[in-house]
Peer 1: 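This is the structure, below, for whatever I ask next.
In what follows, every heavy atom counts, from backbone to side chain, and hydrogens, waters and symmetry copies are set aside. Quick caveat, the model's predicted, so the values are computed rather than measured.
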Amino acid sequence: MQCVILAGGLGTRMHPLTETCPKTLLPVAGRPFAWRQLHWLAGQGITEVVYSIGHRGDMIRRLLGPGAIAHSFHSLRRRG
């Protein structure tokens with residue numbers, strides 16, 4: 001199953017937290033929100049994710065490059 005995540009906005013409602021960090025990478029209980037989101041989606045049977053990024057997309061790409069996402073899903077499916 002596939003999923004599209006829209007993560008290209010400026011995050012203005014979360015200012016000043018988003019001045020230097022995109023909303024999807026803000027920490028939630030010690031982990032980036034995107035990490036939690038991807039793990040939850042994997043648990044729901046999602047096997048492919050397209051991240052539609054814009055603002056500060058370079059930071060998101062560095063943390064969640066295609067290898068990281070694929071590895072995350074692969075690991076969760078093996079354990080599941």
Side-chain angles (χ1 to χ4, degrees):
M1 191 179 311
Q2 300 173 331
C3 176
V4 174
I5 296 174
L6 304 176
L10 299 176
T12 55
R13 289 177 292 211
M14 300 196 75
H15 238 246
L17 297 173
T18 55
E19 284 180 10
T20 58
C21 182
K23 184 170 47 175
T24 195
L25 297 183
L26 289 175
V28 175
R31 298 241 189 212
F33 175 71
W35 184 91
R36 296 190 175 286
Q37 189 176 39
L38 291 171
H39 279 73
W40 182 83
L41 288 168
Q44 301 304 307
I46 301 296
T47 56
E48 294 179 28
V49 172
V50 173
Y51 243 95
S52 179
I53 56 177
H55 180 67
R56 300 202 185 273
D58 56 325
M59 293 176 74
I60 298 168
R61 265 189 228 95
R62 273 195 302 271
L63 185 72
L64 302 175
I69 293 171
H71 175 72
S72 175
F73 280 120
H74 179 71
S75 295
L76 287 171
R77 276 184 289 182
R78 270 195 327 217
R79 282 187 264 158

Peer 1: Less than 4.5 Å apart, side chain to side chain, heavy atoms only: is that true for Gln2 and Val50?
Peer 2: no
Peer 1: Tell me whether Arg36 contacts the main-chain N or O of Pro27 through its side chain, where contact means a donor paired with an acceptor under 3.5 Å.
Peer 2: no
Peer 1: Transitively linked via ILVMFWY side-chain contacts under 4.5 Å: Trp40 with Leu38?
Peer 2: yes
Peer 1: Could you tell me which residues satisfy side-chain contact (heavy atoms from CB on, under 4.5 Å) with Leu26, sequence neighbours excluded, listed by chain and number?
Peer 2: Met14, Leu17, Thr18, Cys21
Peer 1: My understanding is that only residues two or more places apart in sequence, or in another chain, count here; which of them pass side-chain hydrogen bond (donor to acceptor under 3.5 Å, both in side chains) with Gln44?
Peer 2: none
Peer 1: Taking the side chain from Ser52 and the backbone from Ile5, do they hold a donor-acceptor pair closer than 3.5 Å?
Peer 2: no
Peer 1: Please determine whether residues Val4 and Leu41 belong to a single hydrophobic cluster, defined as Ile, Leu, Val, Met, Phe, Trp and Tyr linked transitively by side-chain heavy-atom distances below 4.5 Å.
Peer 2: no
Peer 1: Does any pair with a residue in residues 20-32 pass side chain to side chain donor-acceptor pair (under 3.5 Å), and if so which ones, sequence neighbours excluded?
Peer 2: Thr24-Tyr51
Peer 1: In Å, rounded to the nearest 0.5 Å, how long is the span from SG of Cys3 to CD1 of Ile46?
Peer 2: 5.0 Å
Peer 1: Is Met59 reachable from Ile53 through a run of hydrophobic residues whose side-chain heavy atoms are each under 4.5 Å from the next?
Peer 2: yes
